[in-house]
Amino acid sequence: MFSDILLTVDYDRTLTGVDSTIPQRNLDAIRYFTERGGSFTVNTGRSTTTMGNLLHTIPVNAPFLLYNGSAAWENGGLTLVRPIDLDLWQTIGAMAEAFPELNLEIQGVDNHYLVNEKPEYVAYYDNIGWPHAPAVPGTDIGPFLKFSLFGQVRGSGVKDMFTATEEDLALFARAEAFIREYCGDKVEIFRAAPRIIDVHAKGVSKINAARALQQRLGKKILVCVGDAENDISMLDGADYAYCPADGVVADRYENVCKCDDGAIADVIYNKIPEILKNKP
């Protein structure tokens, strides 16, 4: 029934609800989809560290696409790795010096490395259960896949980074401009939330990763679902694109229900059958 379809979806506030848990309706729909021949995976800016046990529990039947497309996870390890072509510690030092008020991290394979470990940021990581270590120059972190700048911690979870004042937005605009001037020819910049900047190797994108996977699997139709600015390339480049009604970019794409109500289930049960019904 769904054998022509590759469905790739963002994780936070797309597959999950606002509280970062996956609605049971989505899990049931994914199993319904894959049991009928569809290929399903998560296409996220998250790392292996922040996905954690989810890499083994989400019912995907295709490789996970991680780090905004910088690598795939399959058979217990990373493949299709796209490292940043810059000196790691020199680059991180420049960012830390330019924006000491922001929380800066390097997302490694087995850990997140925190620069200038601020107590509130360490507590934030401890609260959400993500492994972390201090960013000590010379540490072998694995391939240089991603670094991120986060706003000040004001809440207790990822959802805190989706709220921003005018001053916050101005600060992050300056930070993004600095990165573009410093190394824009070597990197791609994504905004996973109003107060998060993610930086990856030049040419990396969610859509490039999704299309490469589609070709590898031999699927005819790429359907993508996302909610935030770092999903725009994936949504713009998909054959069919959808956004939860409460997504940051919901005004740009066809909507399904709010993420808490099972947005992925809406796509599987309602949108994909329409696609197949109208397919030439």
Side-chain angles (χ1 to χ4, degrees), residues 10-12 20 44-52 54-55 66-71 73 78 81-164 168 171-176 178-180 182-183 186-201 204 206 228-230:
D10 179 51
Y11 182 71
D12 292 292
S20 296
T44 178
R46 284 193 181 220
S47 64
T48 52
T49 299
T50 55
M51 288 302 291
L54 294 165
L55 293 171
L66 304 175
Y67 303 92
N68 282 320
S70 293
W73 172 269
L78 287 180
V81 174
R82 296 283 305 279
I84 300 171
D85 185 23
L86 290 168
D87 181 272
L88 166 62
W89 297 108
Q90 180 179 339
T91 303
I92 294 304
M95 300 299 147
E97 181 178 357
F99 293 95
E101 66 271 54
L102 294 179
N103 296 295
L104 176 62
E105 68 176 23
I106 312 159
Q107 296 193 11
V109 175
D110 299 317
N111 231 329
H112 280 211
Y113 297 87
L114 309 186
V115 179
N116 186 17
E117 290 187 295
K118 300 174 184 178
E120 67 275 13
Y121 198 48
V122 173
Y124 172 82
Y125 257 75
D126 289 341
N127 180 66
I128 56 183
W130 290 350
H132 60 85
V136 179
T139 300
D140 181 7
I141 68 157
F144 185 20
L145 293 174
K146 176 181 179 181
F147 68 90
S148 299
L149 293 93
F150 285 74
Q152 294 179 348
V153 176
R154 298 171 185 148
S156 59
V158 174
K159 64 182 180 180
D160 168 55
M161 297 299 166
F162 285 82
T163 61
D168 291 329
L171 172 61
F172 274 82
R174 291 197 302 274
E176 186 171 336
F178 175 83
I179 296 168
R180 292 191 187 283
Y182 180 84
C183 57
K186 298 286 189 179
V187 301
E188 301 288 352
I189 300 170
F190 301 99
R191 296 295 292 273
R195 296 199 297 123
I196 300 175
I197 294 175
D198 291 335
V199 185
H200 301 263
V204 162
K206 286 190 175 186
E229 290 188 15
N230 68 321

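As the structure is a prediction and not an experimental result, all values here were calculated from the model. Side chains are part of it too, since the values below use all heavy atoms of this structure and drop only hydrogens, waters and symmetry mates.
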Before we go on, tell me: are the rings of His200 and Tyr67 under 6.0 Å apart, centre to centre? no
So [Y] and [X], do their side chains get closer than 4.5 Å, heavy atoms only?
{"X": "Arg82", "Y": "Val204", "answer": "yes"}
{"X": "Arg46", "Y": "Asp12", "answer": "yes"}
{"X": "Leu102", "Y": "Leu171", "answer": "yes"}
{"X": "His132", "Y": "Val122", "answer": "yes"}

Original post:
So Leu104 and Leu114, side-chain contact (heavy atoms from CB on, under 4.5 Å) or not? Walk me through it.
Top reply: CA-CA 6 Å; Leu104 176 62; Leu114 309 186; over 6 Å; no
Before you tell me yes or no, could you show the steps for Tyr11 and Leu54 under side-chain contact (heavy atoms from CB on, under 4.5 Å), namely the whole-Å CA-CA distance, both residues' side-chain angles and the distance that decides it to 0.1 Å?
CA-CA 10 Å; Tyr11 182 71; Leu54 294 165; 3.1 Å; yes
When you look at [atom1] of [X], are more than 12 heavy atoms from neighbouring residues, nucleotides or ligands closer to it than 6.0 Å?
{"X": "Asp110", "atom1": "CG", "value": "no"}
{"X": "Glu120", "atom1": "CD", "value": "yes"}
{"X": "Asn116", "atom1": "CG", "value": "yes"}

| Passes salt bridge (charged side-chain N to carboxylate O under 4.0 Å, His left out), Glu105 versus Lys146? Steps please. | CA-CA 9 Å; Glu105 68 176 23; Lys146 176 181 179 181; over 6 Å; no
Over 60° means perpendicular and under 30° means parallel, so classify the ring planes of Tyr124 and Tyr121, tilted if in between.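 The rings of Tyr121 and Tyr124 lie parallel, inter-plane angle below 30°.
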Next item on the list: Give the intermediate values and the outcome of side-chain contact (heavy atoms from CB on, under 4.5 Å) for residues Asn103 and Leu149.
Entry: CA-CA 6 Å; Asn103 296 295; Leu149 293 93; over 6 Å; no
Handout entry: Polar side-chain atom of Asn111 near backbone of Tyr113 as donor-acceptor pair, under 3.5 Å
Key =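 Judged by distance alone, no pair lies under 3.5 Å.
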Open item on the list: Checking the side chain of Thr139 only, and the main-chain atoms of Ile141 only, is there a donor and an acceptor separated by less than 3.5 Å?
Closed with: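 No, because the side chain of Thr139 does not come within donor-acceptor range (under 3.5 Å) of the backbone of Ile141.
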